Amino acid sequence: MNMALLIDGSLVVLILAVAIWTIAVRDSFAAVVGYAIYGLMLALAWVRLAAIDAALTEAAIGGGLTGVLLIRAAVRLRPTESVVAGEMPGRFVKALAAVLAGTVSAALAVVVLSLPVPAPTLAPQVAGHIASTGLGNAVTAVLLAFRAIDTLLEAVVLIFALIAVWTLTPDNFWGGRPGPKYDTDPNGMLAYLARLLPPVGIVVAVYVLWVGADLPGGKFQAGTLLAAMWLLAIMAGLTEAPPIRRRWLRGVLVAGTVVFLAIGFAGVPLAGAFLAYPEGFAKPLIIAIEAASMLSIAFTLALLVLGPPERSEHS
Amino acid sequence: MNAVTFYGLCGAALVGLGLYGLIVNPQPLRKILSFNLVGSGVFLLFGVVARRGAALGMGGDPVPQALVITGIVVAFSATALAVALLLRLYDASGSASLAPPQPVKPPEA
C-alpha cells in the first residue's frame, strides 16, 4: 500500500513539475515538447485511476497528436517569439493572476476533499444493463449504447472543427492540398520508419478497434493510431495529403456519422426509439458504427493536424 | 488521505496553473497550451470522480470515463482550430501578437 502511495505521489509531483515547466520556460518550442511529455505522464495517471480507455486516448491524442500539432506551430511561429515575449504583463497583473489562479485551485481542492461518501456512481446501472448490449467493455457500452447521442454529436463536432479549419484557406489555394510539401531524404531514418511502422500500426489499430468491444480500446484510440501512421507517411514525403476538393475524401470524412445516423434512425421503426438497437443485434451494429467511425476519425484528426490548404493541387 | 485524493488535488492545481499561464503568457501559442492544461486538470477531476465510483468489479464509474474520452477528442479539435486561426493571423499580418495595434500617427504637415 505504501509502495503504491509512493508511486502515485511521485507521479503527481512529476506531472505538476512538467506542467510548471510548460508555463514558465521561455522558449515556446521547449514548452511544447514539455506538453507532449506531460500528456504521456497524464496517461500514466489515468492508468493509476483504473481508466485504461482514457489512458489510451490521452497518450494518443494528448501526448501524440496535440504534440505534433503544437510543435509544427511553434516552429512556424519562431520568428515572432522574441517580439511577442516582450509583451509580458507587469508585476501587478502577474500578482493578480496568481491570486485568482490560487483561489480557483484552492476552491477546487476544497471540493475534492469534501466529495460525498459513499461516492455516487452509475456503475450498478451499467452493470445491470450491459448484458443487453452484448459488449464486455463498460466504457464502450456507455459510448455507443447508453450515451450514444453524445458520441454521435462528438463526431459531428469533429467535422465542424475541420470545416472551420478549412474556411481559413487563402482564396487562391481553395480545394488544394493541406500542409507543406515535405522533401525528406528518401533513404533517411524518417522515411525508413515511415515504411516500417505503418503496417504494424494498421494491424494494431484494427486490433484495438476489435477488442474495444470487450477490453480497453475502441474507435478513438484506433482512429488516432491510423491518423498517426498516415501523418508519418506524409511527413516522410512518401505520400501527399489529398486535395480537400476530392469527393472520396469528403465521403470518408462523413461516412462514420452517416452510418451512425442511419443505424440511429433505423432504430425508430425497428426498436422504438432513435439510436435504440433491435434485440440481439446490438453488438454487430455497434461494431459496424465503430468501424466506419474509425476511418472517419482517422482522416479528420490527421487533416486537423495538417491544417488548411497551403498550396494548389499541382504544386 | 488516499492516492485518489492526491490525483484530485493534482487536477485542482493543474487548473490553477493553466489559468495563470493563460492570463500571464503573452504568446497566443502559450495561451493555447495553458488552456489545454486547464482542460486536462478538469479531466483529471472527472477521473477522480469516476475512480471513487468504483463498484461491482468495475475499476471506476464508466459514465464519467466515457465522457472524458469524448472530452479529450473535442479538446483536441478545438486546439487544432485555435492553432489554425493563430497561423492564419501570422500569415495575414506577419505578427502573432494579441496586443491592440499601435495607432498610426498622422504624418507631420
Side-chain angles (χ1 to χ4, degrees), chain A residues 5 8-9 12 15-16 19 22-23 28 31 35 42 45-46 49-51 53-54 57-58 61-62 65-66 69 73-74 76-77 80 84 87-89 94 97-98 101-102 104-105 108-109 112 119 121-124 126-127 138-139 142-143 147 150 154 157-158 161 164-165 168 220 304 307-308, chain B residues 3 5-10 12-17 19-21 23-27 29-30 33-34 36-37 40 44-45 47-48 50-56 58-63 65-66 68-70 72-74 76-81 83-88 90 95-97 99:
Chain A
L5 211 57
D8 291 319
V12 165
I15 288 173
L16 288 176
T22 63
I23 301 264
S28 287
Y35 185 78
L42 211 56
W46 284 110
L49 288 170
D53 293 270
T57 315
E58 177 67 46
I61 293 191
L65 283 191
T66 312
L69 178 78
R76 268 186 64 183
L77 292 171
T80 69
V84 186
E87 292 167 5
M88 204 75 172
K94 275 190 181 174
V104 170
S105 277
L108 285 173
V112 167
T121 176
L122 292 169
V126 173
V139 176
V142 172
L143 279 173
R147 296 296 309 168
D150 293 349
E154 176 198 16
V157 166
L158 275 181
V165 166
L168 298 169
F220 294 124
L304 278 173
Chain B
T5 317
F6 270 173
Y7 288 109
L9 296 176
C10 178
L14 287 174
V15 172
L17 275 172
L19 193 60
Y20 177 78
I23 299 171
V24 167
N25 262 319
Q27 288 149 287
L29 187 65
R30 303 295 291 273
L33 224 152
S34 302
N36 269 298
L37 279 187
S40 58
L44 204 55
L45 289 176
V48 166
R51 179 72 178 117
R52 284 169 43 88
L56 301 175
M58 291 188 200
D61 185 348
V63 177
Q65 287 184 0
V68 161
I69 294 177
T70 310
I72 291 173
V73 178
V74 170
F76 168 77
S77 63
T79 306
L81 178 56
V83 166
L85 280 167
L86 170 58
L87 291 176
R88 191 77 182 92
Y90 172 55
S95 147
S97 170

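Because the structure is predicted, anything quoted here is derived from the model rather than measured. In what follows, chains carry the letters A, B, and so on, assigned in the order in which the sequence lines appear, proteins first and then strands, with residues in each chain numbered from 1.
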- Count the heavy-atom pairs under 4.5 Å between each of B:Leu17, B:Thr70, B:Val83, B:Leu85 and chain A, then report the option with the highest count. B:Thr70
- For A:Thr22, which residues count as a side chain to side chain donor-acceptor pair (under 3.5 Å) partner, sequence neighbours excluded? none
- Task: For each of A:Ala31, A:Gly9, A:Gly307, tally heavy-atom pairs with chain B at distances under 4.5 Å, and name the one with the top tally.
- Result: A:Ala31
- Task: Heavy atoms only, distances under 4.5 angstrom: which of B:Leu33, B:Leu19, B:Val48 has the most pairs with chain A? Name it, please.
- Result: B:Leu33
- Between B:Leu14, B:Ile23, B:Leu86, which has the largest tally of heavy atom pairs under 4.5 Å with chain A? B:Leu14
- Heavy-atom pairs under 4.5 Å with chain B, option from A:Leu16, A:Val157, A:Asp150 with the top count: A:Leu16
- Residue selection (most heavy-atom pairs with chain A, distance under 4.5 Å) from B:Ser40, B:Gly60, B:Ser34, B:Ala78: B:Ser40
- B:Ser77 side chain to B:Val74 backbone, donor-acceptor under 3.5 Å: yes
- Query: Is it the side chain or the backbone of B:Tyr90 that comes within 4.5 Å of chain A heavy atoms, both, or neither?
  - Reply: side chain
- Non-neighbouring partners of A:Leu108 that pass side chain to side chain contact (heavy atoms under 4.5 Å, CB included), sequence neighbours left out: A:Val104, B:Ala12, B:Val15, B:Leu45
- Query: Contact part of B:Leu29 toward chain A, heavy-atom cut-off under 4.5 Å: side chain, backbone, both or neither?
  - Reply: side chain
- Contact origin within A:Leu42 toward chain B - heavy atom pairs under 4.5 Å: side chain
- Query: Does any heavy atom of chain A fall under 4.5 Å from the side chain of B:Ala50, the backbone, both, or neither of them?
  - Reply: neither
- So which part of A:Thr121 gets closer than 4.5 Å to some heavy atom of chain B, the side chain, the backbone, both or neither? both
- Could you check if a side-chain atom of A:Tyr35 sits within less than 4.5 angstrom of a side-chain atom of B:Leu37, using non-hydrogen atoms only? yes
- Query: Tell me, do B:Val68 and A:Thr57 make a side-chain contact under 4.5 Å, heavy atoms counted?
  - Reply: no
- Given a strict heavy-atom distance threshold of 4.5 Å, which part of B:Val73 is in contact with chain A: side chain, backbone, both, or neither? both
- Message: Tell me whether B:Arg88 at atom CZ has more than 12 heavy atoms from other residues, nucleotides or ligands lying less than 6.0 Å away.
- Response: yes
- Dump the intermediate steps for side chain to side chain donor-acceptor pair (under 3.5 Å) on B:Asn36 and B:Thr79, then the final yes or no. CA-CA 8 Å; B:Asn36 269 298; B:Thr79 306; 3.2 Å; yes
- Task: Drop me the distance from A:Leu69's CG to A:Ile61's CD1, to the nearest 0.5 angstrom.
- Result: 11.5 Å
